[in-house]
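Each chain gets a letter, A, B and so on, in the order the sequences are listed, and its residues count up from 1. Computed from heavy atoms alone, side chains included, the values below leave out hydrogens, waters and symmetry copies.
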There are 2 protein chains.
Amino acid sequence: MSDVGRLAGVSAQTVSRFLTGKGYVHDETRVRIQAAIEELGYRPNRIARSLHIARTDTIGLLSAGVMNYGAAQTLAGMSARAQATDSTLITAHVSDSADHDPEVARALERMLSMQVDGIVVTARYGDFGRILGETVREEVPVVIIAGRPLQLQDSAGADSYEAGMLAMQHLLQLGHRRIAYLSGPADSDESRERQRAYEDALAAVSLPVAPIIVGGEWNSAAGYEAGLAHDLRDVSAVFCGNDELALGFLAAARRRGISVPHDISVVGVDDMPEARFFAPPLTTVRFDFAALGERAFDMIRRRVETGLRQEHLVLPAELIVRESTAPPARAHRRAR
Amino acid sequence: MSDVGRLAGVSAQTVSRFLTGKGYVHDETRVRIQAAIEELGYRPNRIARSLHIARTDTIGLLSAGVMNYGAAQTLAGMSARAQATDSTLITAHVSDSADHDPEVARALERMLSMQVDGIVVTARYGDFGRILGETVREEVPVVIIAGRPLQLQDSAGADSYEAGMLAMQHLLQLGHRRIAYLSGPADSDESRERQRAYEDALAAVSLPVAPIIVGGEWNSAAGYEAGLAHDLRDVSAVFCGNDELALGFLAAARRRGISVPHDISVVGVDDMPEARFFAPPLTTVRFDFAALGERAFDMIRRRVETGLRQEHLVLPAELIVRESTAPPARAHRRAR
DNA sequence: CACCAATGTGTGAACGATAACCTACTGCTC
DNA sequence: GAGCAGTAGGTTATCGTTCACACATTGGTG
């Protein structure tokens, strides 16, 4: 910066004023400084700046688990807002592994020592709270992307419960009476919320819950295995925790000669871009994950600037009816 | 740091020695310093450190276009290596938009002003080189993830040409003679390399190239549109630029009553986890994108440390034969 | 014509850390 | 017992920037 000043015939301080826009700089001086900057190819050093002002305009994003459609879109949305606000996004993705917790803790420590202004976390399981408490210790604000509102922290998330309700109401309206739930990971809030909606929706019309089919993972392989392993004779519809599980389930049904939607209706959640092209095209519940990322970013920034705690931000769900659902065949209606 | 020193009865410098491991610190002093660190909850400030040592252990990842399976896995792989080497990953994802180029330039500028040690770029189109030249100007090393080796920069990438060859040889061995290529974006190196392999493979056995089917995007919707729009009567196999295009194409074929693989064989590229569960399960060419991200990260780090320019790193492709390919039906063999 | 506000610029200290340099003590060797 | 290597720790300057403050000039006002 002092090189620029020297070339422009002023002090470094005046260059700083020019760049930050604070204080008076003569118009002619501005021109000379601008010329000097370009001639020298000078680029301000943000970390030196941050050292002084104790703010980095940097947000950390910690994601865990599988980098699937939703996570990737959320990341893209956050990045878009970071670009737009001239902020920097630091990401750490820790996949499921043996010693998951210490890795998460280390990633958080690293972000903090990089002086991030705030952190957004996509929480896969509830115990995240403990690690956050131990490492972040209120040093910077945290926003958690979670399946349900959290009391202790700001949170944002897709409305998994509503998604479950929309899916179930659709199936119930079609006339289904024996509906199964194909779950995601047992420790996932999203999966649990969808299951809770599943149970509530059935209870509301006094129908029994079918045994939960445990997928265990958010992927197609889990849906396929579950679809093969399970006795589906007295079930006329399956509500799948997400689209990938649904895809696997569709493949299993095809292999077993079960026709969708004639024999069994299938509903997913997410509306990944591929869902429209499944066989048959999948009825599902859409979330706008990119918007979730954008909102989460704005939320953490606002929190950084105002310090005000905010509510749980809920991303609306939208039912997308395609061809994987239909009224139950007669055999099933009788089976009830 | 001086607070820690004061509490431990030493100077800040000794605390620094303790933390960096350089120089002698008495064992008893170590214990006192460690205790002071824990009592105060002290955490070293990496950016202050960086200011002095002129190194941030930070790598920037710039990705462009759609955040699909490959891009997400590459990111996850890079993040994994960043964790393992105690480095920080700064990401910027710029989606296709009206003024794409200035956005890319701004993202790069931001990374440079954050003093990244190096940058990894997933280049969607060739003109990236110009922007890189204008903004990065050799200030830090750059590794480009590209569909083909680049002369001017270090590069890494999936071997798209080999992928194309594997797919085509598979189809040719099955006896197909009229094979079409369903392309991705026209400005994508990956798509062009796959097309080049397609043309070379046909030329090698003196077969004519079928008119190229232009998908235009790397997504299922493009594959679907193309699959509906195109006259496929004299084609017995389609080589799709990636799995998503293939999924869309499969859906279009189903809608048109074209049976896969009986009437038409379909091959994709990527082997996304869902491909195994398409209807029918997709024959495709697998890439290990997570490994690509890992290798690209190691490459940029090595380049930062040694300054040595490296070769183009090529990620091998592996043919995965499933049920979307079969020998051509008799009608087609005669049509030749 | 002295005074004041507005404008324009420079000086020194500080942000949190590290490196170079310096001091001091111990124990061993010749 | 002088010299030296090894150990332990303090002092000072510095990285690139910003802030608080001081200073200088201008033009208008009472």
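Distance from the side chain of Tyr24(B) is smallest to dG6(D) among dG8(C), dG6(D), dT18(C). Side-chain proximity of Ala48(A) to dT17(D), dT7(D), dT18(C): nearest is dT17(D). Distances were taken from every side-chain heavy atom of Thr14(B) (C-beta onward) to each of dG10(D), dA17(C), dG8(C); the shortest belongs to dG10(D). The nucleotide whose nearest atom lies closest to any side-chain atom of Lys22(B) is, among dA19(C), dG16(D), dG9(D), dA19(C). Counting only heavy atoms from C-beta on, Thr20(A) has its side chain closest to dT18(D) among dA19(C), dC19(D), dT18(D). In the set dG16(C), dT17(D), dT18(D), the nucleotide with an atom closest to the side chain of Leu51(B) is dG16(C). Distance from the side chain of Gln13(A) is smallest to dT18(D) among dA17(C), dT18(D), dG9(D). Across dC15(D), dA19(C), dG10(C), the shortest atom-to-atom separation from the side chain of Ile53(B) is found for dA19(C).
Not counting sequence neighbours, Thr91(B) has no partner by the side chain to side chain donor-acceptor pair (under 3.5 Å) test.
Taking atom CZ of Arg6(A) as the reference point, atom P of dT9(C) lies 18 Å away to the nearest angstrom. As rounded to whole Å, 14 Å separates atom P of dG16(D) from atom CD1 of Ile47(B). The nearest whole Å value for the distance from the CG atom in Asp27(A) to the C1' atom in dA6(C) is 15 Å. Between the CZ atom of Arg46(A) and the C1' atom of dG16(C) there is a distance of 20 Å, rounded to whole Å. If you measure from atom CZ of Arg17(B) to atom P of dA17(C), you get 15 Å, rounded to the nearest angstrom. Atom pair Glu28(A):CD and dT26(D):P shows a separation of 13 Å (rounding to whole Å applied). Following rounding to the nearest Å, Phe18(B) (CZ) and dG9(D) (C1') show an atom-to-atom distance of 15 Å. Distance, Met114(B) CE to dG16(D) P: 16 Å, rounded to whole Å.
Within a 6.0 Å sphere centred on CZ of Arg295(B), heavy atoms belonging to other residues, nucleotides or ligands number 12 at most.
A salt bridge does not link Glu190(B) with Arg148(B): none of the charged nitrogens is closer than 4.0 Å to a carboxylate oxygen.
Heavy-atom minimum distance, Ala82(B) versus Phe297(B): CA-CZ, 3.6 Å.
The side chain to side chain contact (heavy atoms under 4.5 Å, CB included) test with Ile119(B) is passed by exactly one of Thr135(B), Leu112(B), Ile300(B): Leu112(B). The salt bridge (charged side-chain N to carboxylate O under 4.0 Å, His left out) test with Asp117(A) is passed by exactly one of Arg55(A), Arg302(A), Arg301(A), Arg303(A): Arg301(A).
Residue Ser2(B) is out of contact with every strand shown, counting any heavy-atom pair closer than 4.0 Å. Using a 4.0 Å heavy-atom cutoff across all strands shown, Ser50(B) reaches no nucleic acid atom at all.
Phosphate proximity of dG16(D) to Arg49(A): absent, as no side-chain N or O sits under 4.0 Å from OP1 or OP2. In this structure, Thr29(A) reaches the dT9(C) phosphate: one of its side-chain N or O atoms is under 4.0 Å from OP1 or OP2.
For Ser16(A) and Gly9(B), each mapped to the nucleotide of DNA chain D holding its nearest heavy atom, the one lying further toward the 5' end belongs to Gly9(B).
Below the 3.5 angstrom threshold, one finds no donor paired with an acceptor across the side chain of His52(A) and the base of dT17(D).
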